[in-house]
Number of protein chains: 2
Amino acid sequence: MGKKKETITIYDVAREAGVSMATVSRVVNGNPNVKPVTRKKVLETIRRMGYRPNAVARGLASKKTTTVGVVIPDISYAFFAELTRGIEDIANMYHYNIILCNSDLKKEKEMQLIEALLEKQVDGLLFLGGEVTEEHREIFSGAQVPIVLAATHDEVDKDRPYVTIDQVQAAKEATGILIREGHKRIGLLGGPLTDPIIGFPRYQGYKEALEEEGIPFNENWVRLGNYRYNSGLEAAKELLGMVDAPTAIFAVNDEMAVGAIHAVQDRGLDVPKDVSVMGFDNIPLASQVRPLLSTVAVPMYDIGAVAMRLLTKYMNDETIEENQVVLPYRLELADSTRLKEL
Amino acid sequence: MGKKKETITIYDVAREAGVSMATVSRVVNGNPNVKPVTRKKVLETIRRMGYRPNAVARGLASKKTTTVGVVIPDISYAFFAELTRGIEDIANMYHYNIILCNSDLKKEKEMQLIEALLEKQVDGLLFLGGEVTEEHREIFSGAQVPIVLAATHDEVDKDRPYVTIDQVQAAKEATGILIREGHKRIGLLGGPLTDPIIGFPRYQGYKEALEEEGIPFNENWVRLGNYRYNSGLEAAKELLGMVDAPTAIFAVNDEMAVGAIHAVQDRGLDVPKDVSVMGFDNIPLASQVRPLLSTVAVPMYDIGAVAMRLLTKYMNDETIEENQVVLPYRLELADSTRLKEL
DNA sequence: CTGTTAGCGCCTTCAT
DNA sequence: ATGAAGGCGCTAACAG
């Protein structure tokens, strides 16, 4: 493990090949200004000596690391794992590597991570999923590299690039499905209302849908969870235990929605006959449950991919036409609701 | 975005603070050999100037990047996401960052990624989940940094550090549960038998369990999938359609197991009354299904955490007592099987 | 405790 | 098409 063999440098290769460092450097970097014969010779001695370019040295000299930082709430959430896959695929395609950091949505940790990433001279930064506060804006603006938000946006800095979906509208439409099924008592399994990215907007959409259709809004039918299965299960249990229990439940994410389905079933009731359930996100779980979950299909992979692509444009000084992208979502009506057509 | 402000270096700070670069460096790195007054002064001008250390330069000079490479099959698999979380947490604890790469188990891509990671001078490497071939051994042995395997091991190089579980034994015990429930016709939803890490060993365990108990092994009850939900669903459908259909199914991972549960239910049968189902891994999905899935609880997070911890020991030249760790697993008997006690 | 001095390995003009 | 030389920003002896 980790034998300290003498590291062989570009200089060694140059000497061995009878050329200068500059020439070796050119060959390594695919600079066309090298006579084919020379190139061949260098390439050969590189292989023979087992030379491996030192990207750190290159980074110092060229001021580019071909590495981008990714700050994400929690990779063990299916939603973010999917998104990260999109990021990594595109990064890989453009020959970037990603340094992945979990923030757990802790502001202090986020700051720390961003700082560390910038010290490591990443060529760009992707910030996912959390609220963008004044402190964020401060450190962002002090960065000398492009920063793109994914699955979130900045309420204040209207110029900050981002890629996301229209949360309010999607939640509104999802709720609308339940309304059009004829439900009057529609429960909400929400996230923290202090969460300006997911929790609040989706709650907002729910409320707006009710208002628009003149359906009474009942505070008691709103339960706030933490986006996890168990919180959905428990909250739904409470809802179903009420005398005027809801006949439909809109959960602001799929995990909670599946929890709700099971709460209904555990009570001996049927989904969607007795209670309709609508989710949000369309993580794999949505199609790994019975009945199949109706949900808002969020293009998770694409959000990551598009955000990363946008970042590469910044990093390469390409002209960018649209730096704030709102991706389309789609209602995926399956078996946990009764309406099958939009 | 990315304003090219003049980068301020350690030299600028030194000049401004009226000390030498060395002193600033000492302060930045927490070297105790600095008079408190001096330290304070330096710290102050650092803050005032907004100096941010350049980790790339530091890496070149110190030959340490405090970054480790992680090659993983696919972050969108719950199993690996969980594992990665363990890795990242420990990495973070020891002030390392991780460069995450998805290999999709493609050997060529793996080689490429490892090469790139080594060029980036990672201080160590974690290789997850795939087969270790001769080519792997070659590049591993050429690396000047420690490399540890997680959730896999090397059949040939008996010294290569790893952290995993006893796949065969676990599969054997899982199958044993089904046998002790009285089943004689036990189906297997396996992975590719060419996969020496998961597919084959778990198949092996299944077979051994049958043999030991004198239960007939029937080729027809063995279906190989790709570890995904749908492949489990489809394969189970086939099994259930047979005239001598199995009365119990052992799936070598949870996704396929849940697919099997649904295949049974979609057929109007009951789990576990008509068919028992046993999974493997204990990903969150196992407890987000009805009936709750009985499974082999693999300490995914711990595998990642322990592997990373082991790697830090190598990187810091700590004495390490055990460099090949076989973590314990646990049978988690829930509602998809009938046996409740071991 | 603090300063001086070499590099670390490579890129990048600038000559040739 | 190729070589020479000066950094990139920081760490690490080595003096003092």
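To find a chain, count down the sequence lines: A is the first, B the second, and so on, and within it residues start at 1. Here the structure is a predicted model, which means the values were calculated and not measured.
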In terms of side-chain heavy atoms, does A:T67 have a donor or acceptor partner in A:K120 at a distance below 3.5 Å?
-> no
With a 4.5 Å heavy-atom cut-off, do B:N54 and B:T9 have their side chains touching?
-> no
How would you list, by chain and number, every residue that makes a side chain to side chain donor-acceptor pair (under 3.5 Å) with B:E108, sequence neighbours excluded?
-> none
A:R85: partners by side chain to side chain donor-acceptor pair (under 3.5 Å), with sequence neighbours left out = A:D89, B:D74, B:D104
OP1 or OP2 of D:dA12 under 4.0 Å from side-chain N/O of B:K63 | no
Quick one: label A:T9 by what it contacts on the DNA or RNA (base, sugar-phosphate, nothing), any heavy atom closer than 4.0 Å.
-> sugar-phosphate
A:K63 side-chain N/O to A:L60 backbone N/O, donor-acceptor pair under 3.5 Å | no
For each nucleotide in nucleotides 2-7 of chain D, reading 5' to 3', give B when a protein heavy atom comes within less than 4.0 Å of its base, S when such contact involves only the sugar-phosphate, and - otherwise.
-> BBB--B
In terms of the angle between their ring planes, are B:F80 and B:Y77 parallel, tilted or perpendicular, with boundaries placed at 30° and 60°?
-> tilted
Side chain of B:E135, backbone of B:M111: donor and acceptor closer than 3.5 Å?
-> no
Span of DNA chain C engaged by chain B, first through last nucleotide within the 4.0 Å heavy-atom cut-off, is C:dC1 to C:dG9
With the side chain counted from C-beta on, respond yes when A:L105 and A:E110 share a heavy-atom pair under 4.5 Å apart, and no when they do not.
-> yes
Salt bridge or not for A:E115 and B:R52, using N-O below 4.0 Å?
-> yes
What pairs with A:T152 under side chain to side chain donor-acceptor pair (under 3.5 Å), at least two apart in sequence or on another chain?
-> none
Take atom NZ of A:K120 and atom C1' of D:dG9, then tell me their distance rounded to the nearest Å.
-> 16 Å
Per the end-axis method with five pairs at each terminus, what is the bend angle of the helix from C:dC1-D:dG16 to C:dT16-D:dA1, to 10°?
-> 30°
Please state how far atom CZ in B:R58 lies from atom C1' in D:dA12, giving the value in whole angstrom units.
-> 13 Å
